[in-house]
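To keep things clear, I will list the structure first and then write my remarks on it.
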There are 2 protein chains.
Amino acid sequence: MEPTIRDVARLAGVSKSTVSRVLNNDPKVSDRAKGAVGDAMRELDYRPNALARGLSTSRTGTIGLIMSDITNPFHAEVARGVEDLAADYESNVILCNTDGRPTKEQAYIDLLLEKRVDGVIFLSAKMDESDVSMLQARQVPFVFAGRTLLDVEADSVVVDSVLGGFQATNHLIGLGHRRIAHISGPARVSASADRYEGYCQALRRAGIFIDPDLVADGDFRHDRGYRAMNQLLDRTTGMTAVFAGSDYMALGALEAIYERGLKAPDDIAVVGFDDISFARLHLVQLTTVAQPKYDIGAIAARMLLERIGDPSADRPPQKVVLPPKLVIRRTCGDYLGPRDFDSETHRGDSQ
Amino acid sequence: MEPTIRDVARLAGVSKSTVSRVLNNDPKVSDRAKGAVGDAMRELDYRPNALARGLSTSRTGTIGLIMSDITNPFHAEVARGVEDLAADYESNVILCNTDGRPTKEQAYIDLLLEKRVDGVIFLSAKMDESDVSMLQARQVPFVFAGRTLLDVEADSVVVDSVLGGFQATNHLIGLGHRRIAHISGPARVSASADRYEGYCQALRRAGIFIDPDLVADGDFRHDRGYRAMNQLLDRTTGMTAVFAGSDYMALGALEAIYERGLKAPDDIAVVGFDDISFARLHLVQLTTVAQPKYDIGAIAARMLLERIGDPSADRPPQKVVLPPKLVIRRTCGDYLGPRDFDSETHRGDSQ
DNA sequence: ATGAAAGCGCTAACAG
DNA sequence: CTGTTAGCGCTTTCAT
């Protein structure tokens, strides 16, 4: 059997309480006792039972991470940030893949509640539908990473997608493009709408007409990017650039472009969104709007763990907005107009 | 406060034991009692406390997943398999990123032991150094996914890397290539040695001299693939194909090839290993040896959970070897020689 | 079929 | 500074 606090106590010649005290390094224990207990622990290779401890403290040192799919590189990166920070706080994270299905999400929430996690982080994409009511009822803190639920009071950390869309589009405008297409993300996802909004803002500011024919619906995924680009190529004329709502779609768009014997950036300039690791490959060299993926996770985790740290401090929900960053690579081509200086600045930023 | 078994008992007018019995659906409870308890649970929105339960049963329904980095697409895919299967067994998985550092790994093992996980899955890459002695001492079952520890008796699931290396090289030989280079994986990783061994076997079988000048050292990563390819290009002559130990390195190799104005497959055919999602992109179309990533995780998890299921059954450690699968795409070019039929077969296999 | 009671391993007042 | 005593919420004999 595993040694318990009791065995340690007996071996060290003290009471369980004393052992417990050194375990939680209570200042008021004599050095003598501390030493004896330490020796005993080492000798027995004692390891406190987190279950028992959790049962009496009702803190488990575990948080849940609910996301649609860890296989998505973007999510994986965020998860990494969460995990690293949790480790700093001596907490563990339980992985929950929901595939975006509410049923699965609900089942996981139930499980996490049974395990008495200290809190949970939501990383799914949909802007509605998360049933956090159970968490609220049980007073389990939670934070949203990468999105917010408008009608729910909760911590959240997001990146400014409107700004990102603006940067991407504005960069294209700065390069001299006027007929700029957009391949949007899935409906019902706030990031989609925001990126489109940024696109519109940039166009408007430049006094460019927003042509509905220039926007095609996508869903963030590769295939739809490919199809959307083909539609655009078929239906519009004079298009010289496209801003895709995600890198995957931008990749799909590039394929469609190449398939027609066109070239990027010469014929069509392409800008993506996310900066997944493959965008960086020389083979691809995709200009894109980078999201601070790791930081999204790390900050979300920190917010959560801090709140767990002192539940008494009844601070209001915080909303952290992180800035995206334009990363200029090959697929958008070189600067054409007179504002070369600006362009250089951007380029500098991105390195 | 959270409702407990006691509250349920009181409300249902039965004893705690009875409630516990329906919780574990013990057959010998009257329907009457079962109904009353069920009602009470629903009314109170009762949710059993997994900590308390774990404390008395010493089963937590949680397993640990130790890997170097979830951000690696290959690992993420395996993790997904693990998680899905754990969910089927109503277990949760705790994510542990070690970055390959033994210190971190050790710290995590300690933590998992404190949390009293039912078992752990190792997914790191190094073939030595895992300190599983603590797990053995505590009788905590564990399995290795993607590798084995030679001197440790444990379950493991791996793919036949020798066969994979053979398939890749043999395919190239079938296409008429004779001077085939290899970019190896990191030393100390069994998969590296195995893939190289497969390469040698194929060459030997075809009666082709194994030229040391044709093999360059890599580390599975992109940059090293790029550098290794450049070295090969500089130092050797007549090379018409290269088998890279990983897709990332193959991608790097392709870059080096393109940079010199050469083409794949026309000038140099390239085959990778892993079949990460990007290999499939039209932009890349990398011929590669696919590993059943998801299955590796799923099978490892199933083995572990089955063993946890009945610890009494003292079955000997199992070693599952999964077959890799050659996926033929663009970077290896078309079949040149007379054995067109063979080639078609391969192509059929891969779809 | 059901209840009473003793634990599981730890923490947390409360005395001293 | 240290020990005693109750729990934390569940399972599990052992009676009945």
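The shown structure was predicted, so the numbers you read here are calculated from the model rather than taken from an experiment.
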Nearest-nucleotide comparison on DNA chain D, the residue closer to the 5′ end among B:Pro3 and A:Ser17: A:Ser17
Among D:dT11, C:dC10, C:dT2, the one nearest B:Lys16 by side-chain distance: D:dT11
Sugar-phosphate, base or nothing in reach of A:Val19, heavy atoms under 4.0 Å: nothing
Sugar-phosphate, base or nothing in reach of B:Ser20, heavy atoms under 4.0 Å: base
Under 3.5 Å side-chain donor-acceptor pair for A:Arg80 and B:Asn72: no
A:Asp84 and A:Tyr294 side chains, donor-acceptor separation under 3.5 Å: yes
Bending between helix ends of the helix from C:dA1-D:dT16 to C:dG16-D:dC1 [5 pairs per end, 10° resolution]: 30°
Member of A:Leu112, A:Leu113, A:Leu111 meeting the side-chain contact (heavy atoms from CB on, under 4.5 Å) criterion with A:Lys115: A:Leu111
Partner of B:Asn97 by side-chain contact (heavy atoms from CB on, under 4.5 Å), out of B:Glu105, B:Lys104, B:Met67: B:Met67
Once you round it to whole Å, what is the distance between [atom2] of [N] and [atom1] of [X]?
X	N	atom1	atom2	value
A:Glu114	D:dG9	CD	P	15 Å
A:Arg59	C:dG9	CZ	P	23 Å
B:Arg6	C:dA4	CZ	C1'	13 Å
A:Arg10	C:dC10	CZ	C1'	15 Å
B:Glu2	D:dG9	CD	P	9 Å
B:Leu23	D:dT11	CG	P	5 Å
A:Asp26	D:dC1	CG	P	9 Å
A:Lys28	C:dA13	NZ	P	11 Å

Pair B:Cys96-B:Leu65, side chain to side chain contact (heavy atoms under 4.5 Å, CB included): steps then yes or no: CA-CA 6 Å; B:Cys96 308; B:Leu65 175 58; over 6 Å; no
[X] side chain to [Y] main-chain N or O, any donor-acceptor pair under 3.5 Å?
X	Y	value
A:Thr62	A:Asn92	no
B:Asp45	B:Arg42	no
B:Asp118	B:Ile308	no

Check: A:Tyr46 and A:Leu23 side chains under 4.5 Å, non-hydrogen atoms: yes
Contact check, side chains of B:Val19 and B:Met41, non-hydrogen atoms, under 4.5 Å: yes
B:Arg315 atom CZ: more than 12 heavy-atom contacts under 6.0 Å: yes
Neighbour count >12 (heavy atoms, 6.0 Å) for atom CZ, B:Arg138: yes
Contacting residues from residues 29-49 of chain A, given that a heavy atom lies under 4.0 angstrom of DNA chain C: A:Tyr46, A:Pro48, A:Asn49
Side-chain N,O (A:Thr4) to OP1/OP2 (C:dG9) below 4.0 Å: no
Side-chain N or O of B:Thr18 closer than 4.0 Å to phosphate OP1/OP2 of C:dA1: no
Contact residues, residues 50-58 of chain A to DNA chain D [heavy atom, < 4.0 Å]: A:Leu55, A:Ser56
base_contact_polar (D:dG3 base, A:Arg21 side chain, donor-acceptor, <3.5 Å): yes
